[in-house]
Protein chains: 2
Amino acid sequence: MSQPRTPRIRQLEALMAVIRNGSVTAAAADLGISQPATSRLLADLGKDFDFQLFDKRDNRLVPSQEVRMLEPDIRRVLELMRHISDSSANITKRKAGHIRIACLPGFATNHLPAVVADFLKDRPGVTLTIEPDRPERILEWMITEQYDFGITDGFFGHPAVDRTDIKVRTVCVFPAGHDLGRLEKIRPRDLAQERIIHPRKDSTFFQQLDRRFQNDKVELHSLIEVRQFTAACELICKGIGVSIVSELDAVKYADQGLEYRPFHPPMPHELSLVRPIHKAPSLITLEFIEEFASSLAPFLLRG
Amino acid sequence: MSQPRTPRIRQLEALMAVIRNGSVTAAAADLGISQPATSRLLADLGKDFDFQLFDKRDNRLVPSQEVRMLEPDIRRVLELMRHISDSSANITKRKAGHIRIACLPGFATNHLPAVVADFLKDRPGVTLTIEPDRPERILEWMITEQYDFGITDGFFGHPAVDRTDIKVRTVCVFPAGHDLGRLEKIRPRDLAQERIIHPRKDSTFFQQLDRRFQNDKVELHSLIEVRQFTAACELICKGIGVSIVSELDAVKYADQGLEYRPFHPPMPHELSLVRPIHKAPSLITLEFIEEFASSLAPFLLRG
DNA sequence: AATTCGCATAACATCATGTTATAAGGCCCA
DNA sequence: TGGGCCTTATAACATGATGTTATGCGAATT
């Protein structure tokens with residue numbers, strides 16, 4: 001007696017085709033191959049399985065009891081194979097996969113959702129994790145490779161992290177109807193009498209901003225220290241103070257009780273798109289990063 | 001771009017082997033094939049799946065994110081294939097399968113359990129359904145092919161049912177200590193003064209018995225009409241009446257307050273082992289029928 | 001620079017799986 | 001009974017899948 005070899009997928013397909021169609025000839029047509037090919041697939045399978053595959057009844061082939069015992073498993077195998085093949089096709093077409101994104105809290109609520117929605121529109125199999133947190137944590141996640149892609153700012157670099165820096169335009173925002181609305185662009189000296197809402201004083205962004213004011217020989221009157229540009233915008237919509245924020249955030253509030261004008265001299269908000277350098281990114285991740293970067297194009301500070 | 005072909009089992013095995021072992025060389029050893037063979041299996045799979053399968057890290061190959069997405073499905077497929085192959089081997093060795101048995105109620109409790117227990121001892125994968133019912137119902141189940149094997153009696157035959165008739169010896173049973181114990185064998189005339197417990201009067205068995213009494217010019221004094229030999233035995237164990245029953249049943253009660261002697265002239269209890277004639281029996285079923293039949297050998301009425 | 005290790009490629013053998021041609025067996029109908 | 005007809009099995013062969021050994025290439029180690 002030959003030791004039983006594990007059956008081949010093709011044989012199982014033939015078996016199921018015969019069960020469905022009730023005859024070898026019909027099964028062959030169903031499979032799109034010749035009748036003798038099907039016949040031999042079954043003969044070979046019958047040699048592997050050492051029992052009768054079919055009984056002849058009313059001129060139809062009906063599966064033997066042994067085959068009926070195996071049938072559920074066989075169905076599942078074939079279904080899974082089809083699923084694997086489908087998934088791989090979707091992955092190839094960048095329509096399936098999972099992307100883990102760590103970002104600044106502002107992006108989680110503000111710009112990112114629109115990009116994600118657009119990205120998912122024709123990629124039904126893709127899933128995402130979006131984790132908002134502080135820059136230090138984002139950096140840590142990149143280093144430990146727990147996330148595929150990070151959006152952060154004030155990034156100093158790290159050998160395990162691949163960075164793409166993006167300079168986003170910043171604008172001066174103020175409550176709608178404020179006198180500043182009469183200016184084309186706003187310089188530090190225009191803000192000499194204003195109380196400023198700004199990020200934490202130990203942030204890179206604040207230090208840049210403060211230097212601009214110093215260059216203009218104007219004192220920066222601090223009103224509120226916030227962590228997020230969106231928080232500043234919310235406050236200004238309520239009629240409190242003025243701020244210099246990323247244009248990304250400003251546009252979102254443009255019709256919610258806030259106006260903005262270019263800030264001069266041009267000052268960037270320096271975003272960094274980061275990812276683990278040692279971990280090969282999946283293609284779908286690269287594609288997302290690309291789409292995300294290009295979504296920022298309208299807001300880039302040229303030069 | 002080539003249309004994606006469905007991957008082959010062998011390729012998936014190679015993929016999992018590399019994931020397990022972290023290198024192609026080790027995977028090849030694991031699979032028991034040469035390194036180049038493994039290498040090409042992966043290369044081919046990589047062509048089918050149009051993405052990177054592995055990243056090199058710390059001198060190990062770790063699966064790419066895309067592969068990790070597919071990994072659970074792949075595992076399940078391979079596991080199922082193994083299961084199919086195992087089951088088929090068990091079936092081949094007649095160690096798995098399901099047998100549906102319909103039998104007289106007496107057999108369900110009396111002789112059959114021992115045979116089943118013995119049969120299952122070295123066939124761990126086999127499962128059974130045992131359904132006790134009246135002969136008419138058993139016949140119906142055979143005709144409708146709802147059961148694989150039936151044990152019945154008083155069977156007149158049916159074109160859709162394959163029968164094997166078995167004549168089991170009958171014995172006269174009586175309470176332990178009864179005067180009849182002094183006889184070697186018991187004839188109807190020995191029972192002239194006894195009250196008989198017997199099957200229903202419309203049964204074949206009763207009619208045979210009655211004829212024996214008539215031949216001996218003895219009247220059969222009916223005491224209780226039962227459906228089952230075991231019921232008769234139970235009553236006799238309580239000291240009531242005498243009966244003529246299958247020796248199969250008598251032996252079970254031999255040490256429970258009952259004695260028995262051969263009945264003369266020899267009278268068979270005509271059992272029929274039946275199965276659906278149009279339905280090809282599974283090998284395991286045939287094997288069981290054979291084992292069951294031979295378990296009856298010690299009780300056969302020769303001639 | 002030389003060695004070693006791991007992987008990929010080449011050339012080839014064998015098995016798997018398809019083809020077409022044809023024979024064998026069961027069923028229906030005169 | 002014998003002739004068509006349908007279904008399945010077998011034969012002979014082409015091609016693809018999967019194994020072999022021999023060998024080359026590049027990165028890590030010495």
Side-chain angles (χ1 to χ4, degrees), chain A residues 2-49 52-64 67 77-78 81 84-85 88 278 280, chain B residues 2-49 51-64 67 77-78 81 84-85 278 280:
Chain A
S2 56
Q3 71 259 0
R5 308 184 42 247
T6 118
R8 266 152 284 117
I9 290 291
R10 197 59 176 143
Q11 296 174 331
L12 299 182
E13 286 175 343
L15 179 65
M16 293 308 297
V18 175
I19 291 177
R20 277 198 308 276
N21 294 286
S23 93
V24 175
T25 308
D30 192 353
L31 292 171
I33 61 179
S34 67
Q35 171 268 315
T38 310
S39 195
R40 198 177 45 194
L41 281 173
L42 293 169
D44 287 351
L45 185 61
K47 255 177 277 170
D48 292 351
F49 293 176
Q52 189 77 13
L53 297 180
F54 293 97
D55 308 322
K56 211 181 176 82
R57 318 256 311 257
D58 303 331
N59 247 339
R60 276 180 68 89
L61 297 176
V62 302
S64 69
V67 166
V77 162
L78 297 182
M81 287 300 289
I84 288 173
S85 166
S88 80
H278 294 306
Chain B
S2 57
Q3 73 265 2
R5 309 184 42 250
T6 120
R8 265 151 285 117
I9 290 289
R10 197 58 174 146
Q11 296 174 331
L12 299 181
E13 285 176 343
L15 179 66
M16 293 308 298
V18 175
I19 291 177
R20 278 197 308 275
N21 294 285
S23 92
V24 175
T25 307
D30 192 352
L31 292 171
I33 61 178
S34 66
Q35 171 268 314
T38 311
S39 196
R40 199 178 43 193
L41 281 173
L42 293 168
D44 288 350
L45 185 62
K47 255 177 276 171
D48 292 351
F49 293 178
F51 47 81
Q52 190 78 15
L53 297 180
F54 293 97
D55 307 323
K56 209 181 177 82
R57 319 256 311 255
D58 303 331
N59 247 339
R60 274 180 70 88
L61 296 176
V62 302
S64 69
V67 166
V77 163
L78 297 182
M81 287 299 288
I84 288 173
S85 157
H278 293 307

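All chains are named by letter (A, B, ...) in the order of the sequence lines, taking the proteins before the strands, and each is independently numbered beginning at 1.
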In whole angstroms, the gap separating P of D/dG16 from CD1 of A/Ile9 amounts to 21 Å
For a quick test of reading the model: is some side-chain N or O of B/Arg60 closer than 4.0 Å to OP1 or OP2 of C/dG6? no
Here the gap from A/Leu53 atom CG to A/Lys47 atom NZ, rounded to the nearest 0.5 Å, amounts to 12.0 Å
For B/Leu42, report the nucleic acid contact type (base, sugar-phosphate, nothing); a contact means any heavy atom under 4.0 Å. nothing
If I take atom CD in residue B/Gln35 and atom C1' in nucleotide D/dT23, what distance separates them, rounded to the nearest angstrom? 11 Å
Can you measure A/Asn21 atom CG to D/dC6 atom P for me and round it to whole angstrom units? 18 Å
d(B/Leu45 CG, B/Arg40 CZ) to nearest 0.5 Å is 13.5 Å
Rounded to the nearest Å, what distance is computed from the CZ atom of residue B/Phe54 to the C1' atom of nucleotide C/dA8? 15 Å
Please report the distance, rounded to the nearest Å, between CG in B/Leu45 and C1' in C/dA8. 16 Å
Can you check the B/Gln11 CD to C/dA16 C1' distance for me, whole Å? 14 Å
Are OP1 or OP2 of D/dA9 and a side-chain N or O of A/Ser39 less than 4.0 angstrom apart? yes
So if I take every side-chain heavy atom of B/Pro36 and compare against D/dT18, D/dT10, D/dA22, which nucleotide ends up nearest? D/dA22
Can you list the steps and then say if A/Phe54 with A/Leu42 is a side chain to side chain contact (heavy atoms under 4.5 Å, CB included)? CA-CA 10 Å; A/Phe54 293 97; A/Leu42 293 169; 4.3 Å; yes
With a cut-off of less than 4.0 Å, is there a side-chain N or O of A/Ser34 near OP1 or OP2 of C/dG18? no
Among D/dG19, D/dT21, C/dG18, which is the nearest nucleotide to the side chain of A/Arg10? C/dG18
Give a yes/no answer on whether the side chain of A/Arg40 brings an N or O atom under 4.0 Å of OP1 or OP2 in C/dT19. no
Could you tell me the separation between the CG atom of A/Asp48 and the C1' atom of C/dC15, rounded to a whole number of Å? 13 Å
Decide yes or no on side chain to side chain contact (heavy atoms under 4.5 Å, CB included) for B/Ile9 and A/Met81, but give the supporting numbers first. CA-CA 9 Å; B/Ile9 290 289; A/Met81 287 300 289; 4.2 Å; yes
Is there a side-chain contact between A/Leu41 and A/Glu13 in this structure, where contact means two heavy atoms from C-beta onward sitting under 4.5 Å apart? no
From C/dC7, C/dT17, D/dT20, pick the nucleotide closest to the side chain of B/Val24? C/dC7
Spacing between B/Ile33 atom CD1 and C/dC15 atom C1', to the nearest angstrom: 14 Å
C/dC7, OP1 or OP2 - any side-chain N/O from B/Thr25 closer than 4.0 Å? yes
